[in-house]
Engineer: 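The structure's right below; bear with me while I get my questions together.
This structure is a prediction, so every number in the text was calculated from the model and none was measured. Order of the sequence lines fixes the chain letters, A, B, ..., with proteins taken first and strands second; residue numbering starts at 1 for each chain.
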There are 2 protein chains.
Amino acid sequence: MKRKVTLKQIAKELDVSISTVSKSLRDSHEISEDTRLKVQAFAKLYNYKPNNIALSLKNKKTKTIGIIIPEIVHHFFATVISGIEQVANEMGYNVIVCLSNESFDKEVINMEMLATGSTDGFIMSLSKETQQKKDFHHIQEVINQGMPVVLFDRITNDVLCDKVIIDDQMAAYEAVDYLVGLDFKEIALVTTVDYVSVGKLRTDGYINALNDHNIPVRDELIVKIEDIDHCEEPIAALLESQRPKAIFAVNELFAVTCIKQANKIGIRVPEDLSVIGFTDGIISQYSSPSITTVSQNGARMGGKAAKMLIDRLELDDENEQYTTQLIETELVLRESTPTL
Amino acid sequence: MKRKVTLKQIAKELDVSISTVSKSLRDSHEISEDTRLKVQAFAKLYNYKPNNIALSLKNKKTKTIGIIIPEIVHHFFATVISGIEQVANEMGYNVIVCLSNESFDKEVINMEMLATGSTDGFIMSLSKETQQKKDFHHIQEVINQGMPVVLFDRITNDVLCDKVIIDDQMAAYEAVDYLVGLDFKEIALVTTVDYVSVGKLRTDGYINALNDHNIPVRDELIVKIEDIDHCEEPIAALLESQRPKAIFAVNELFAVTCIKQANKIGIRVPEDLSVIGFTDGIISQYSSPSITTVSQNGARMGGKAAKMLIDRLELDDENEQYTTQLIETELVLRESTPTL
DNA sequence: TTTCAACACGACAACGTTGTAGTAACAGTG
DNA sequence: CACTGTTACTACAACGTTGTCGTGTTGAAA
């Protein structure tokens with residue numbers, strides 16, 4: 001078992017100083033070509049690679065980004081990580097991932113752990129508990145210490161930092177607008193209760209779209225789901241009583257449930273009913289029929305967040321111009337809406 | 001902006017030596033209670049936390065595990081990470097995640113990057129390209145340098161190290177056995193090309209199950225998919241030409257594609273066709289009909305891998321007793337097979 | 001009064017790296 | 001022959017931490 005080789009070992013072997021070895025490997029003109037080539041050959045032979053930890057300590061930068069998210073077993077977050085990872089890698093950074101499991105305490109612990117030297121900055125999405133408690137001291141603390149933070153998706157206005165989100169309201173507007181363009185007049189909405197911020201925004205987008213097309217907003221076409229695990233009944237009730245020709249659902253699960261319940265009572269999708277969902281996950285892609293959805297573009301979101309963070313890390317400009325980037329959404333047309 | 005405080009700064013402020021501060025904070029008996037409490041109070045006030053990087057350099061251990069997987073946007077891998085993270089965290093370790101994107105080169109680069117000081121060990125699943133090339137020098141290299149590696153799911157026998165897998169062959173056997181128990185005689189197989197090790201094992205399980213029931217293995221009932229993104233055509237061809245009554249698919253995507261293609265040509269699931277998949281992910285749960293699958297238990301797999309790695313890290317026993325752990329699978333019955 | 005331990009603390013090396021400053025040896029110039 | 005400049009190197013400090021060893025000051029036993 002040959003352990004990792006260090007400058008010191010190479011220096012001893014070749015009977016030169018550590019400095020000479022270091023400089024040779026960095027192609028310094030201070031070193032004669034003779035010595036330089038000799039050292040380089042030796043280093044190559046022993047597969048010398050500078051120790052990252054030592055470099056981190058010396059340079060006071062780790063080239064590592066900390067990611068803290070509520071859950072990884074969630075397609076959206078997985079795509080975001082994927083996006084972050086790709087951009088980070090291209091720019092020479094690694095990512096270290098911590099899961100809060102929607103717990104405030106774990107979010108705080110993870111953050112403090114990584115903040116003590118392990119990472120240069122953070123990309124994070126708030127846990128539910130954190131959003132509920134509205135306690136962001138751990139984030140503020142890290143920012144005060146000079147580490148940049150980028151919040152995405154589940155953000156807060158109580159912390160000043162860079163942010164990346166999608167324009168939920170506009171995205172919902174466009175989805176509904178698309179349905180109107182298909183000549184549907186009576187478009188149902190399956191949404192969440194209003195205190196879920198994104199649900200509210202998407203509902204607003206729905207209402208605005210109808211208003212702009214002079215279509216009356218009818219309350220009986222709107223279902224607000226309280227408990228996501230028991231959405232079947234209210235959706236079935238909507239289908240039975242209103243027999244809508246089109247539905248906009250504010251998430252993937254609601255959309256697929258609409259289709260399932262419709263099938264049960266003999267309503268065919270897309271022939272008798274069109275459905276558009278939100279969040280372009282696995283369900284939308286592989287359910288049968290596949291579902292037309294508003295894609296949140298997690299990968300792009302992650303990529304953008306990574307770029308913002310790294311830019312801030314590399315331009316230690318100290319300019320406090322924090323920005324909030326909006327990621328464009330995209331309507332992914334599939335089988336749950338009629339083909340034009 | 002108050003930067004992170006170091007021992008040196010505390011020492012200067014309190015006009016004592018760095019050693020004294022360090023010892024005070026570690027409750028050394030060498031230091032008088034007076035000084036000790038004073039230093040501790042000061043450290044607490046300024047929220048002193050030892051710098052991880054410096055500790056890593058000194059102790060030659062990072063308390064960080066490197067994870068290298070082909071893809072993160074894949075439910076199974078996400079659950080594995082989740083399992084690793086949980087166990088690692090409990091044992092005081094962080095995880096740093098790198099994606100190979102199924103590329104051999106990226107796998108090598110990531111590994112070399114992390115191996116130079118960033119992590120104490122690796123948990124990894126091989127990329128397709130690596131499995132195809134059968135080139136594992138990068139893994140062997142890392143092991144030779146004394147870093148433990150745990151392979152999971154997509155493993156190889158060409159490298160000696162700890163491994164965690166499910167008994168793919170047995171799991172496939174049981175799935176096919178279950179179909180035979182439902183009185184199906186002509187069971188089709190949708191699998192991958194043979195160099196994907198798990199695909200091969202599952203194929204073997206299929207064949208063994210048929211053999212044990214004295215059912216002839218008919219090549220025309222076996223489809224080996226080359227490119228996972230274009231699996232529709234070969235599957236449709238199978239359905240058209242053979243009209244099988246039951247299909248065992250070696251992954252979720254193949255299973256759902258079977259159902260979709262069947263629906264297109266008027267074959268109903270489960271009435272006309274039974275389908276069993278592999279990998280219990282979102283697709284299987286939410287597709288319509290939901291799919292009976294072999295559940296891989298990713299979280300348990302990840303947890304076990306993490307435990308094995310950390311145990312080896314902490315008992316630097318140098319005993320070369322590598323083991324391969326088998327994780328139990330489970331057949332999750334859903335709508336794509338007939339109810340008994 | 002000498003001797004010796006206990007006490008409370010500081011100096012220093014080490015982990016691996018890089019960059020600055022210093023220093024021999026030698027050649028060229030006046 | 002003294003000065004200057006170049007070449008080719010080495011020494012050293014620093015990053016933040018810990019642990020070993022050294023040291024000066026007490027107080028008490030001999």
Side-chain angles (χ1 to χ4, degrees), chain A residues 3-40 42-43 46-64 113-120 145-147, chain B residues 3-40 42-43 46-64 113-120 145-147:
Chain A
R3 277 238 109 84
K4 301 208 70 59
V5 62
T6 65
L7 290 185
K8 193 193 275 191
Q9 288 160 30
I10 298 180
K12 191 194 267 181
E13 288 295 324
L14 296 182
D15 204 36
V16 291
S17 75
I18 295 177
S19 307
T20 304
V21 177
S22 173
K23 285 173 186 162
S24 296
L25 295 177
R26 340 207 96 247
D27 271 328
S28 164
H29 57 276
E30 283 186 55
I31 307 297
S32 68
E33 191 170 347
D34 221 36
T35 313
R36 198 148 30 90
L37 294 180
K38 190 175 64 182
V39 171
Q40 287 176 359
F42 193 91
Y46 282 88
N47 195 26
Y48 168 80
K49 294 266 162 53
N51 181 305
N52 285 331
I53 297 290
L55 288 179
S56 296
L57 182 59
K58 182 138 204 5
N59 302 332
K60 291 173 153 247
K61 43 177 95 161
T62 61
K63 290 273 188 176
T64 303
M113 185 137 211
L114 296 188
T116 58
S118 304
T119 64
D120 295 341
Q145 284 172 5
M147 301 182 79
Chain B
R3 276 237 109 84
K4 302 209 67 58
V5 62
T6 67
L7 290 184
K8 191 192 274 191
Q9 287 161 31
I10 298 180
K12 192 193 267 180
E13 288 293 324
L14 295 181
D15 204 35
V16 291
S17 76
I18 295 177
S19 309
T20 305
V21 178
S22 173
K23 286 172 188 165
S24 297
L25 294 177
R26 337 208 97 246
D27 271 327
S28 165
H29 56 276
E30 283 187 56
I31 307 295
S32 67
E33 192 170 347
D34 222 38
T35 313
R36 197 147 32 89
L37 294 179
K38 192 175 64 183
V39 171
Q40 286 176 0
F42 192 91
Y46 282 88
N47 195 26
Y48 169 79
K49 296 263 164 53
N51 181 305
N52 284 333
I53 297 291
L55 288 180
S56 296
L57 183 58
K58 182 139 208 356
N59 302 333
K60 292 174 154 247
K61 44 176 91 162
T62 60
K63 289 271 187 178
T64 303
M113 185 139 213
L114 296 187
T116 57
S118 303
T119 63
D120 295 341
Q145 284 172 4
M147 301 182 78

Engineer: Under the rule for side-chain hydrogen bond (donor to acceptor under 3.5 Å, both in side chains), what residues qualify as partners of A:S22, not counting sequence neighbours?
Structural biologist: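 Partners of A:S22 under the side-chain hydrogen bond (donor to acceptor under 3.5 Å, both in side chains) test: none.
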Engineer: Taking side-chain hydrogen bond (donor to acceptor under 3.5 Å, both in side chains) as the test, write out the residues that go with B:T35, two or more places apart.
Structural biologist: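 With neighbours one apart ignored, the set is B:S32.
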Engineer: Just to verify, what does B:K63 make a salt bridge (charged side-chain N to carboxylate O under 4.0 Å, His left out) with, not counting sequence neighbours?
Structural biologist: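 Counting only residues at least two positions away or on another chain, B:K63 forms a salt bridge (charged side-chain N to carboxylate O under 4.0 Å, His left out) with B:E314.
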Engineer: Test of understanding: with side-chain contact (heavy atoms from CB on, under 4.5 Å), list the residues that count as partners of B:D120, not counting sequence neighbours.
Structural biologist: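 side-chain contact (heavy atoms from CB on, under 4.5 Å) check on B:D120 returns B:K61, B:T62, B:Y93, B:L313.
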Engineer: Can you establish whether the number of heavy atoms outside B:Y46 located under 6.0 Å from its atom OH is more than 12?
Structural biologist: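 At most 12 heavy atoms, drawn from other residues, nucleotides or ligands, come within 6.0 Å of this atom.
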Engineer: Using a strict heavy-atom distance below 4.0 Å, which residues from residues 7-18 of chain B are in contact with DNA chain D?
Structural biologist: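 Those residues are B:L7, B:K8, B:I18.
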Engineer: Between B:L7 and B:V21, what is the shortest heavy-atom contact and its length?
Structural biologist: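 Here B:L7 and B:V21 meet closest at CD2-CG1, 3.6 Å.
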Engineer: Base, sugar-phosphate alone, or nothing: which one does B:T6 contact when heavy atoms must sit under 4.0 Å apart?
Structural biologist: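 B:T6: backbone/sugar contact only, no base atoms under 4.0 Å.
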Engineer: Under the rule for ring pair (Phe, Tyr, Trp, His ring centres under 6.0 Å), what residues qualify as partners of B:Y48, not counting sequence neighbours?
Structural biologist: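 In terms of ring pair (Phe, Tyr, Trp, His ring centres under 6.0 Å), with neighbours along the sequence ignored, B:Y48 is linked to no residue.
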Engineer: Can you find a pair of side-chain heavy atoms, one from B:Q9 and one from B:K12, that are under 4.5 Å apart?
Structural biologist: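 Side chain of B:Q9 against side chain of B:K12, heavy atoms only: no contact under 4.5 Å found.
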Engineer: 5' to 3' on DNA chain D, which nucleotides open and close the contacts with chain A (atom under 4.0 Å from a heavy atom)?
Structural biologist: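 Counting from the 5' end, contacts occupy D:dA8 to D:dG16.
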Engineer: From A:L57 CG over to B:N51 CG, what is the distance, rounded to the nearest 0.5 angstrom?
Structural biologist: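 So the CG of A:L57 and the CG of B:N51 are separated by 6.5 Å.
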Engineer: Table please: side-chain donor-acceptor pairs of residues 23-30 of chain A below 3.5 Å, with sequence neighbours left out.
Structural biologist:
from	atom 1	to	atom 2	distance (Å)
A:S24	OG	A:T20	O	2.7
A:D27	OD1	A:Q40	NE2	2.8
A:S28	OG	A:E30	N	3.0

Engineer: Give, ordered by number, those residues of residues 55-63 of chain B having at least one heavy-atom distance below 4.0 Å to an atom of DNA chain C; if nothing qualifies, reply none.
Structural biologist: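 Residues of residues 55-63 of chain B that come under 4.0 Å of DNA chain C are, in numerical order, B:L57, B:K58, B:K60.
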Engineer: Near DNA chain D, which residues from residues 25-32 of chain B have a heavy atom under 4.0 Å away?
Structural biologist: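 DNA chain D contact set from residues 25-32 of chain B: B:R26, B:E30.
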Engineer: Would you mind telling me which residue lines up with the more 5' stretch of DNA chain C, B:A54 or B:K23, judged by nearest nucleotide?
Structural biologist: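 Upstream on the strand: B:K23.
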Engineer: Judged by atom type as modelled, is there a donor-acceptor pair below 3.5 Å linking the side chain of B:N52 to the main-chain atoms of A:T116?
Structural biologist: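 Side chain of B:N52 to backbone of A:T116, a donor-acceptor pair under 3.5 Å: yes, one is there.
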Engineer: Could I get the full list of side-chain hydrogen bond (donor to acceptor under 3.5 Å, both in side chains) partners for A:T6, not counting sequence neighbours?
Structural biologist: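 Not a single residue meets the side-chain hydrogen bond (donor to acceptor under 3.5 Å, both in side chains) criterion with A:T6.
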Engineer: Only counting residues at least two apart or in another chain, list the ones meeting side-chain hydrogen bond (donor to acceptor under 3.5 Å, both in side chains) with A:N47.
Structural biologist: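 Here the qualifying residues are A:K49, B:E141.
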